[in-house]
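Below is one structure, written out as structure tokens; the observations come after it.
Worth saying up front: this structure is predicted, and the values here are computed from it rather than measured.
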Amino acid sequence: MYNNKKVVVVLPAYNASKTLEITYNEIPFEIVDEVVLVDDASKDDTSEKAKELGIRHIIRHEENRGYGGNQKSCYDKALSLGADIVIMLHPDYQYTPKLIYAMTTIIGNELYEVVFGSRILGMGALKGGMPIYKYIANRFLTFFQNQLSRQKLSEYHTGYRAYSSKVLKDIAYGRNSNDFIFDNQVIAQIFAKGYSIAEVTCPTKYFEEASSINLQRSIKYGLGVMGVSIRYFLHRLGFKWKLLT
């Protein structure tokens, strides 16, 4: 608990058995009440590893539902457990669990309802080994999104996020895509509801076991991001978009 608020960490997992233990062991359990792992039909022994570690809440998809579909199961379960603060942490150890405390205190002290761990602040992405083409694409897309949304986020593409349960209950995340574009649809929904997003500097690591998407899917993702931004821009002008209402 933090300030009498229940803290639940959710782990959207896919083939994460090699990095799950080191990720799990760095979670600050002095404030974290529950951990939920959703195994999206991994081909390795992720679920078995989670059981060995003592994770109580394990959900395994028999068929792969995609990154967005995984998160939907994560948030549904966290809310069913009575979470007040929900933190999404990738179990591939690309993001450090040590920032959970900082992200929790921001929401727990009611400063912001949403907190992102930013790889761009402090140049953490390049220091951590982000490929230069991904860095350039990140900066271009973030600039494009900030212009259309009239926001000033340092990046829209981090996978390290903390939410007040109020926000998750207020947005229609269940309507979103099951693919990677889910994250950006959530951001558009957050802005449409009038919430602000805080950012904390987050070091990151790129290595063989860290999850990533190939060039073809990256291009598809980039085009999808631009589409979401354009639809949100039109929404701001008064056009209706069902995901935001």
Side-chain heavy atoms of I100 within contact of I27, under 4.5 Å: yes
Distance-only polar pair, side chains of Y156 and Q151, donor-acceptor under 3.5 Å: no
No-hydrogen, no-angle side-chain donor-acceptor test under 3.5 Å, D45 and S17: yes
Validation row: V114, R161 side chains within 4.5 angstrom (heavy atoms): no
pair C202-S118: side-chain heavy atoms closer than 4.5 Å: no
Any donor-acceptor pair under 3.5 Å from S164 side chain to E113 backbone: no
Whether H90 and Y95 hold their rings parallel, tilted or perpendicular, with breakpoints at 30° and 60°: perpendicular
Test of ring centre spacing under 6.0 Å for Y112 and Y195: no
Modelled atom types, side-chain donor and acceptor of E155 and T142, under 3.5 Å: no
Ring centre gap for Y24 and F29 strictly below 6.0 Å: yes
Side chain K6, main chain V86, donor-acceptor under 3.5 Å: no
CA sep, side-chain torsions, deciding dist, call: K5, E110, salt bridge (charged side-chain N to carboxylate O under 4.0 Å, His left out): CA-CA 11 Å; K5 294 179 173 62; E110 300 180 355; 3.7 Å; yes
Side-chain (N70) to main-chain (G66) donor-acceptor, under 3.5 angstrom: no
In one Ile/Leu/Val/Met/Phe/Trp/Tyr side-chain cluster, 4.5 Å: V9, Y67: no
Aromatic ring pairing Y75/Y163, orientation class (parallel under 30°, perpendicular over 60°, tilted between): perpendicular
Taking every non-hydrogen atom, the tightest pair across S73 and I59: O-CD1, 4.3 Å
Side chain to side chain, Y135 and I120, heavy atoms closer than 4.5 Å: yes
N178 side chain to K72 side chain, donor-acceptor N/O pair below 3.5 angstrom: yes
Approximate separation, where rounding is to 0.5 Å, of L37 CG and L11 CG: 5.0 Å
Short side-chain to backbone donor-acceptor contact, T158 and G117, under 3.5 Å: yes
Polar side chain donor-acceptor pair, Q145 to N184, under 3.5 angstrom: yes
Rounded distance [0.5 Å steps], NE2 in H157 versus CZ in R139: 8.0 Å
Pair T46, D39: side-chain N/O donor-acceptor within cut-off below 3.5 Å: no
Taking every non-hydrogen atom, the tightest pair across L121 and T201: O-CG2, 3.1 Å
Separation between CG of L168 and SG of C74, rounded to the nearest 0.5 Å: 11.0 Å
Salt bridge (charged side-chain N to carboxylate O under 4.0 Å, His left out) between D179 and K220, worked out: CA-CA 10 Å; D179 209 341; K220 178 183 177 183; 3.6 Å; yes
Side-chain donor-acceptor pair present, D40, H61, cut-off under 3.5 Å: yes
Working for side-chain contact (heavy atoms from CB on, under 4.5 Å), residues E26 and Y93: CA-CA 10 Å; E26 285 192 8; Y93 202 57; 2.6 Å; yes
Non-hydrogen atoms of N15 and K43 that approach each other most closely: OD1-N, 2.7 Å
Trace of the side-chain contact (heavy atoms from CB on, under 4.5 Å) decision for K49 with K18: CA-CA 9 Å; K49 187 67 176 179; K18 292 182 179 179; over 6 Å; no
Side-chain touch F144/V225, heavy atoms, less than 4.5 angstrom: no
Validation row: Q147, F233 side chains within 4.5 angstrom (heavy atoms): no
L234 with I181, same ILVMFWY side-chain cluster at under 4.5 Å: yes
Co-membership, hydrophobic cluster, residues V115 and I85, 4.5 Å side-chain: yes
Over 12 non-hydrogen atoms of neighbours within 6.0 angstrom of CG in N25: yes
Flag if over 12 foreign heavy atoms under 6.0 Å of CD, E63: no
Atom pair CD1/CD of I171 and Q185 - distance to nearest 0.5 Å: 10.5 Å
Side chain Q71, main chain F182, donor-acceptor under 3.5 Å: no
Y221 reachable from L148 in the ILVMFWY side-chain graph, under 4.5 Å edges: yes
Interatomic distance, N138 atom CG to Y133 atom OH [nearest 0.5 angstrom]: 12.0 Å
I58 side chain reached by K51 side chain, heavy atoms, under 4.5 Å: yes
Distance-only side-chain donor-acceptor flag, Q189 / D170, under 3.5 Å: no
Short N-O contact, K166 and D84, less than 4.0 angstrom: no
Y14 versus N64, side-chain donor and acceptor atoms under 3.5 Å: no
Hydrophobic cluster identity match, I31 and V8, side-chain contacts under 4.5 Å: no
Y173 versus D76, side-chain donor and acceptor atoms under 3.5 Å: yes
Closest non-hydrogen atom pair, N146 against L153: ND2-O, 2.9 Å
Heavy-atom side-chain proximity of I136 to I132 below 4.5 angstrom: yes
Donor-acceptor contact below 3.5 Å, side chain Y160 vs main chain T96: yes
Evaluation steps, side-chain contact (heavy atoms from CB on, under 4.5 Å), between T104 and I87: CA-CA 8 Å; T104 298; I87 301 174; 3.2 Å; yes
Shortest non-hydrogen contact between L79 and S165, atoms and distance: CD2-CB, 3.8 Å
Atom pair OG/CD of S42 and E48 - distance to nearest 0.5 Å: 9.5 Å
Criterion side-chain contact (heavy atoms from CB on, under 4.5 Å) on E21 and L53, from CA distance to verdict: CA-CA 7 Å; E21 183 172 4; L53 292 170; 3.7 Å; yes
Where L89 and P12 come nearest, the two heavy atoms and their spacing: O-CD, 3.4 Å
